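Read the numbers this way: they start at 1 and go in the same order the structure lists the ligands and their atoms. As the structure is a computational prediction, the values presented were derived from the model and not from experiment. What you see below is based on every heavy atom in this structure, not just the backbone, and it leaves out hydrogens, waters and symmetry mates.
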Amino acid sequence: MVHKITLIPGDGIGYEVSLAATRCIEAAGADIQWENVLAGQDALEQTGELLPVAALDSVRKNKVALKGPITTPVGTGFRSVNVAIRQALDLFACVRPAKSYPGVRSRFSNIDLVIVRENSEDLYAGIEYQEGKAETEKLIAQIEKDTNKTMRHDSGITIKPISKFASARIVRYAFEYALKNNRRKVTCVHKANIMKFTDGLFLQVAREVAKEYEGKVLFEDAIVDNMTMQLVQKPEKYDILVLPNLYGDIVSDLCAGLIGGLGVAPGSNIGTEMAVFEAVHGSAPKYKGKNKANPTAMILSGVLMLRHIGENKAADNLEEAVKQVIAEGKSVTYDMKPDPLDPSAVGTSQMADAIIKKLKR
Ligand code: NAD
């Protein structure tokens, strides 16, 4: 069966890692027809828009996309093109498995965690009041009146909305993911002791949703600061973590560190109708065009995509090939060598070649 899938190469190292991933995905045996669309810096130069409507329409039509990283522009109307894509397509769940592969350079082994991050609200909702603006002054005056508290009038303000609806939706997604993937436990991560009306609500809703899964999936909660310490001390205690947007972003990078760094951490953004697969890492502009970036995170995002579209055989084939190349440790990029200056490190496309060679035909 031919699958029509949107490809957003992004910018920075996006082209290199996207090309490596599409070559590997095709060689793994999946029949894919890519629909290439621009977004990011190159789209801005060629079309005058950072996020052309055509890119979003292509994902709406094909329902599935593989996306490279996109640089966050400075001084434009967009806070982040990546956040804008997630919001425009209502990709409410950011799912990032953090799994160790033998041979990867890390202080930890046998990590097998899944981060389920709420993608649509929290401090990333983009509701901000700039310091010194009249509307900010008005809001500060209102807050002082309503709360009987004083605020510094030279403050900037970012609003943190957390709703019952979005909290229930993400927690339910985490539990359903646990059931489908035979996982044992969901841990709700929050700072409910301080932010009672936002994180407190997230936790309250999580506890209610958890009741529906009693006897099937274990549930517990943890305060985010303690969680970060626990994750580096006893990561084996955890399984699926469900978090509001900001903590999810930070804890994802921490978990990427546990499994060998950003070069190997895949991810996905899932909605009720659509899904966009992308690495956890960004556009690493300093490596753009240098054939240096590790393509593993993007290739493993491709593995997640293949599973999503039901191409499990191709997904297993590709994951196994990646595993073998990492375990051998020869044809890997600089970041996977004990010394990053090791002259035997290969480039992005050579690592993809080595993975393709290991695929079962
Ligand atoms: P980054 O992930 O781009 O890079 C941080 C560092 O991690 C790099 O300098 C490099 O040393 C390493 N790294 C990242 N990816 C690698 C790879 N594939 N192989 C080897 N090493 C790799 O993070 P940043 O520098 O904070 O962000 C750069 C830009 O990317 C910013 O504009 C940021 O907003 C954007 N960004 C985009 C996304 C996305 O598209 N989803 C995610 C994160 C950051």
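Scanning the protein heavy atoms around atom 7 (O) of ligand 1, the nearest turns out to be Leu262 CD1, 3.7 Å. Counting only heavy atoms of the protein, atom 29 (C) of ligand 1 lies nearest to Ser283 OG, 3.2 Å. Of the protein's non-hydrogen atoms, Pro285 CD, 4.9 Å is the one closest to atom 25 (O) of ligand 1. Counting only heavy atoms of the protein, atom 41 (N) of ligand 1 lies nearest to Glu278 OE1, 3.1 Å. Nearest protein neighbour of atom 37 (C) of ligand 1, counting heavy atoms only, is Ile70 O, 3.2 Å. The single protein non-hydrogen atom nearest to atom 43 (C) of ligand 1 is Gly282 CA, 3.5 Å, given as residue, atom name and distance. Residue, atom and distance of the protein heavy atom nearest to atom 19 (N) of ligand 1 are Asn294 N, 2.8 Å. The protein non-hydrogen atom at the shortest distance from atom 8 (C) of ligand 1 is Ala284 CB, 4.1 Å.
Under the salt bridge (Lys or Arg N to Asp or Glu O under 4.0 Å) test applied with Asp112, the options Arg184, Arg183, Lys237, Lys99 reduce to a single match, Arg183.
Residue pairs meeting the ring-ring contact (aromatic ring centres under 6.0 Å, His included) criterion with at least one partner in residues 255-282, sequence neighbours excluded, are Phe277-His308. Within the structure, the salt bridge (Lys or Arg N to Asp or Glu O under 4.0 Å) test picks out the following pairs touching residues 289-318 (sequence neighbours left out): Arg307-Asp316, Arg307-Glu319.
Looking at Ser163 and Glu121, their side chains do bring a donor and an acceptor atom within 3.5 Å of each other. Glu35 and Ser58 form a side-chain donor-acceptor contact under 3.5 Å, judged by distance and modelled atom types alone. In this model, no donor atom of one side chain and acceptor atom of the other lie less than 3.5 Å apart for Asp339 and Tyr334.
At a 4.0 Å cut-off, not a single heavy atom of Val81 sits close enough to ligand 1 to count as contact. Ligand 1 has at least one atom lying under 4.0 Å from a heavy atom of Lys67. Val17 does not count as a contact of ligand 1, since none of its heavy atoms falls under 4.0 Å from the ligand. Using 4.0 Å as the threshold, Arg86 has a heavy atom nearer than that to some atom of ligand 1.
The atoms of ligand 1 that sit less than 4.0 Å from any heavy atom of Lys286 are 9 (O). Residue Pro69 approaches ligand 1 through these ligand atoms, each under 4.0 Å from one of its heavy atoms: 40 (O).
Here the side chains of Gln324 and Lys357 are not in contact, with every heavy-atom distance at 4.5 Å or above.
Among the atoms of Val280, none of the N or O lies under 3.5 angstrom from an N or O of ligand 1. Considering backbone and side-chain atoms alike, Thr71 places every N or O at 3.5 Å or more from each N or O of ligand 1.
At least one donor-acceptor pair closer than 3.5 Å links the side chain of Asn82 to the backbone N or O of Ile70. Thr22 places a side-chain N or O within 3.5 Å of a backbone atom of Ser18 that can act as its donor or acceptor partner. Within the 3.5 Å criterion, the main-chain N or O of Ala293 finds a donor-acceptor partner in the side chain of Thr348.
Contact annotation: for Met298 versus ligand 1, there are no heavy atoms closer than 4.0 Å.
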